[in-house]
Student: 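My questions will all concern the structure given below.
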Amino acid sequence: MAHWLMKSEPDVYGIDHLEREGTTLWDGIRNYQARNYMRTMAIGDRAFFYHSNAKPPGIIGLMQVVTTGLVDPSQFDPASKYFDRASKPEAPRWDCVRLGFLERFDALLSLEQLRQEFSADDLPVVRQGNRLSILPVSEASAQRLLALLKPA
DNA sequence: GCCAACGTTGGC
DNA sequence: GCCAACGTTGGC
């Protein structure tokens, strides 16, 4: 079971939305590297929910991969901001996964705290200017994160 | 294939 | 609003 970090803006889709809905299609990914990471996800993988463009930004919850290898429907929807006219139904360019809510942590682990605890090598999200919305988290870093988020 | 221009993400 | 980082596009 691998661990990931996935960003979303709470004003657009935050942990509150996911807790209410139970599961969600993680659509709208339009970056090849992020897409390729999604393609390597397996059912049961866990993902830290990171609130980006928030005050403050940081990790707020935990999710589980429920379904993999789904075609992202928004690429074919002209009304969607994620519409991609170059993508054809017979050869979809973008795909996505379905994620399920696991838990919301008692306190947000802020980016500032993450920078105190981790180097950019251990947790790339702390690197200045990191724009990738999906990042792998090493097993060692995942365990340290869980220890910080769920003190005994 | 190179590179300049441009666009997007996201912290501050 | 500014800026760092970096991906994408298009001319050549």
Side-chain angles (χ1 to χ4, degrees), chain A residues 2-21 23-41 45-65 68-138 140-142 144-149:
Chain A
H3 281 87
W4 306 90
L5 182 145
M6 302 176 80
K7 302 179 188 174
S8 184
E9 301 185 20
D11 292 346
V12 178
Y13 194 92
I15 192 75
D16 290 345
H17 299 88
L18 181 61
E19 184 164 22
R20 209 178 308 133
E21 296 177 352
T23 73
T24 190
L25 205 60
W26 205 265
D27 61 356
I29 298 300
R30 295 294 180 269
N31 171 286
Y32 289 107
Q33 200 176 341
R35 181 202 67 179
N36 293 343
Y37 280 139
M38 269 201 305
R39 287 184 171 175
T40 72
M41 287 182 184
D45 281 2
R46 297 198 168 181
F48 294 95
F49 196 137
Y50 180 93
H51 276 176
S52 59
N53 258 320
K55 297 174 185 176
I59 292 172
I60 188 63
L62 192 66
M63 307 182 278
Q64 187 169 34
V65 177
T68 58
L70 301 167
V71 172
D72 181 342
S74 66
Q75 67 195 302
F76 302 124
D77 176 6
S80 170
K81 67 175 285 197
Y82 301 117
F83 179 62
D84 181 355
R85 65 183 313 132
S87 183
K88 300 300 168 201
E90 60 272 21
R93 179 176 297 182
W94 306 109
D95 41 58
C96 58
V97 297
R98 180 166 290 277
L99 293 165
F101 175 87
L102 280 184
E103 68 177 301
R104 179 194 181 112
F105 298 115
D106 293 335
L108 176 131
L109 185 55
S110 70
L111 178 58
E112 185 184 4
Q113 289 173 286
L114 291 172
R115 288 196 166 124
Q116 290 167 14
E117 299 285 342
F118 294 88
S119 70
D121 286 341
D122 289 337
L123 197 69
V125 74
V126 307
R127 183 179 301 117
Q128 183 190 10
N130 189 317
R131 297 175 309 144
L132 252 197
S133 63
I134 298 176
L135 295 161
V137 177
S138 72
S141 291
R144 286 178 60 199
L145 282 172
L146 289 169
L148 291 165
L149 287 156

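Just so it is clear: chains get the letters A, B, ... in the order the sequence lines come, proteins before strands, and each one is counted from 1.
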Student: Determine yes or no for a side-chain-to-main-chain donor-acceptor pair under 3.5 angstrom, with Ser87(A) supplying the side chain and Asp84(A) the backbone.
Tutor: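 No.
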Student: Taking the six-membered ring for Trp, is the centroid-to-centroid distance between Tyr32(A) and Trp94(A) below 6.0 Å?
Tutor: yes
Student: With a 3.5 Å distance limit and no angle check, can you tell me whether Asn53(A) reaches the backbone of Glu9(A) through a side-chain donor-acceptor pair?
Tutor: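 It does not hold such a pair.
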Student: Give a yes or no on whether the ring-centroid distance for Trp26(A) and Phe49(A) is below 6.0 angstrom.
Tutor: yes
Student: Whether the side chain of His51(A) engages the backbone of Ser110(A) through a donor-acceptor N/O pair (distance < 3.5 Å, no angle test) should be reported.
Tutor: no
Student: Consider side chain to side chain donor-acceptor pair (under 3.5 Å). Of Arg93(A), Arg35(A), Arg30(A), which one does Asp72(A) pass it with?
Tutor: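 Filter result, single survivor: Arg30(A).
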Student: What parts of residues 75-89 of chain A reach DNA chain B, counting only heavy atoms under 4.0 Å away?
Tutor: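 Listed by number, there are none.
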Student: So, does Ser141(A) use its side chain to make a donor-acceptor pair with the main chain of Leu123(A) at under 3.5 Å?
Tutor: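 Checked: no pair found.
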Student: What range of DNA chain B does chain A touch, first nucleotide to last, counting atoms under 4.0 Å from its heavy atoms?
Tutor: dG7(B) to dC12(B)
